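A quick write-up on the structure given underneath.
Predicted, not measured: the structure shown is a model, and the values here were computed from it.
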Amino acid sequence: MASNTWIVAGLGNPGPGYARNRHNVGQMVLNELGTRLGGSFKSHKANAQVLEGRLGIGGPRLILAKPMTYMNLSGGPVAGLARFFDVDPEHIIAIHDEIDIPFNTVKLKIGGGEGGHNGLRDISKALSTKEYYRVRVGVGRPPGRMETADFVLRDFGTTERKELPFLLADAADAAELLVREGLQAAQQKHHGA
């Protein structure tokens with residue numbers, strides 16, 4: 001296993017039509033991390049866009065990955081990259097939208113249920129374990145009787161878009177802190193906010 005290498009997978013759907021949807025917030029966070037690393041995403045044979053870099057000088061190696069499949073098929077690219085880069089599940093972070101926490105909130109965990117999130121379910125199946133990290137980016141609950149699928153496949157609202165850069169930065173900070181200092185330190189910082 002490449003002990004100082006982490007795969008950070010930003011979940012979403014491919015193509016410009018989905019780029020600003022709530023469901024694509026994981027890929028938006030990866031864009032923020034990619035800017036920080038100063039690189040550009042390139043196509044990888046595992047059916048993902050990948051950017052490799054280091055977290056600081058001599059720091060952990062990060063493989064930022066945007067699966068180029070639809071959300072429900074995220075597992076194949078993540079598992080393929082894990083094999084290619086020889087990374088165990090405990091060094092994989094999935095960044096994804098979470099309707100069960102309020103907008104503008106970031107929570108972290110390892111393992112547990114997928115909360116009805118089909119992208120996570122597919123990753124758990126492909127890795128044969130639920131024991132990987134998740135950075136859960138709150139997008140809020142659908143209003144009224146709106147279907148969850150309709151809600152997450154809509155763009156953020158006008159007010160939300162004003163706050164979105166801060167949310168993306170917070171989620172990127174959370175992923176970096178998780179890699180540098182571990183889950184407990186990242187939870188203490190982000191769950192107390």
Side-chain angles (χ1 to χ4, degrees), residues 6-42 48-57 59-68 70-71 74 78 92-109 115 117 119-120 133-143 146 148-183 185-193:
W6 290 75
I7 293 173
V8 183
L11 305 190
N13 287 314
Y18 295 102
R20 295 176 187 214
N21 289 178
R22 289 176 179 87
H23 220 23
N24 274 44
V25 75
Q27 292 193 357
M28 294 176 200
V29 174
L30 250 62
N31 290 337
E32 170 67 21
L33 285 167
T35 299
R36 293 177 183 190
L37 292 180
S40 59
F41 287 88
K42 295 178 176 46
Q49 292 286 316
V50 171
L51 188 161
E52 296 180 54
R54 290 218 174 259
L55 195 54
I57 297 169
R61 180 179 176 212
L62 296 185
I63 311 297
L64 305 183
K66 297 179 191 177
M68 288 293 99
Y70 284 95
M71 175 70 82
S74 299
V78 172
I92 294 175
I93 302 169
I95 304 179
H96 63 90
D97 61 310
E98 178 64 67
I99 63 164
D100 290 328
I101 56 177
F103 174 76
N104 223 2
T105 304
V106 175
K107 302 272 185 188
L108 302 96
K109 72 175 190 171
H117 197 291
L120 294 176
Y133 292 99
R134 296 99 186 267
V135 173
R136 305 160 63 211
V137 184
V139 297
R141 304 258 342 142
M146 181 185 288
T148 300
D150 294 335
F151 177 69
V152 297
L153 291 174
R154 286 193 176 182
D155 290 356
F156 286 100
T158 306
T159 304
E160 292 169 322
R161 281 196 299 269
K162 292 175 184 168
E163 296 296 320
L164 189 58
F166 303 106
L167 176 60
L168 301 178
D170 283 349
D173 291 347
E176 288 182 353
L177 189 58
L178 173 58
V179 169
R180 277 197 190 107
E181 297 183 29
L183 180 62
Q187 286 177 328
Q188 285 175 344
K189 180 174 189 330
H190 291 277
H191 292 200

Of the non-hydrogen atoms in [X] and [Y], which two are nearest, and what is the gap between them?
{"X": "Leu11", "Y": "Pro67", "answer": "CD2-CG, 4.4 Å"}
{"X": "Ile95", "Y": "Ala175", "answer": "CD1-CB, 4.2 Å"}
{"X": "Val78", "Y": "Ala9", "answer": "CG2-CB, 3.9 Å"}
{"X": "Arg154", "Y": "Asp150", "answer": "CG-O, 3.1 Å"}
{"X": "Ala172", "Y": "Glu32", "answer": "CB-CG, 3.6 Å"}
{"X": "Gly119", "Y": "Ser74", "answer": "O-CB, 4.1 Å"}

With rounding to the nearest 0.5 Å, note down the distance linking [atom1] in [X] to [atom2] in [Y].
{"X": "Ile92", "Y": "Ile7", "atom1": "CD1", "atom2": "CD1", "answer": "5.0 Å"}
{"X": "Glu52", "Y": "Arg61", "atom1": "CD", "atom2": "CZ", "answer": "4.5 Å"}
{"X": "Thr159", "Y": "Leu164", "atom1": "OG1", "atom2": "CG", "answer": "12.5 Å"}
{"X": "Glu176", "Y": "Ile93", "atom1": "CD", "atom2": "CD1", "answer": "10.0 Å"}
{"X": "Leu62", "Y": "Leu55", "atom1": "CG", "atom2": "CG", "answer": "5.0 Å"}

Those residues that, when tested against [X], pass ring pair (Phe, Tyr, Trp, His ring centres under 6.0 Å) (two or more places apart):
{"X": "His117", "value": "His23, His96"}
{"X": "Tyr133", "value": "Trp6"}
{"X": "Phe103", "value": "Phe156"}

[X]: what forms a salt bridge (Lys or Arg N to Asp or Glu O under 4.0 Å) with it, not counting sequence neighbours?
{"X": "Asp173", "value": "Arg36"}
{"X": "Arg22", "value": "Glu160"}
{"X": "Glu181", "value": "none"}
{"X": "Arg141", "value": "Asp100"}

Set of side-chain hydrogen bond (donor to acceptor under 3.5 Å, both in side chains) partners for [X], sequence neighbours left out:
{"X": "Asn21", "result": "Asp155"}
{"X": "Ser40", "result": "Lys42"}
{"X": "Gln27", "result": "none"}
{"X": "Asn31", "result": "Lys66"}

Notebook entry, point to check: Is a side-chain N or O of Asn13 found less than 3.5 angstrom from the main chain of Met71, in a donor-acceptor match?
Noted result: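 Yes, because the side chain of Asn13 sits within donor-acceptor range (under 3.5 Å) of the backbone of Met71.
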Notebook entry, point to check: Counting only N and O atoms by type, is there a donor-acceptor contact under 3.5 Å from the side chain of Arg134 to the main-chain atoms of Ala94?
Noted result: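 Pair absent, no side-chain N/O of Arg134 close to backbone of Ala94.
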Margin query: List the residues meeting side chain to side chain contact (heavy atoms under 4.5 Å, CB included) with Pro142, not counting sequence neighbours, and say none if there are none.
Written below: Met146, Thr148, Phe151
Given side chains that start at C-beta, do those of [X] and [Y] come closer than 4.5 Å, heavy atoms only?
{"X": "Leu64", "Y": "Val50", "answer": "no"}
{"X": "Asp97", "Y": "Val137", "answer": "no"}
{"X": "Lys107", "Y": "His191", "answer": "yes"}

Item checked: Full working for side-chain contact (heavy atoms from CB on, under 4.5 Å) between Leu177 and Leu108 -> CA-CA 11 Å; Leu177 189 58; Leu108 302 96; over 6 Å; no
Checklist line | Qualifying residue for side-chain contact (heavy atoms from CB on, under 4.5 Å) with Val135, from Val106, Asp170, Val8 | finding: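 Testing each of Val106, Asp170, Val8 against Val135, the sole residue satisfying side-chain contact (heavy atoms from CB on, under 4.5 Å) is Val106.
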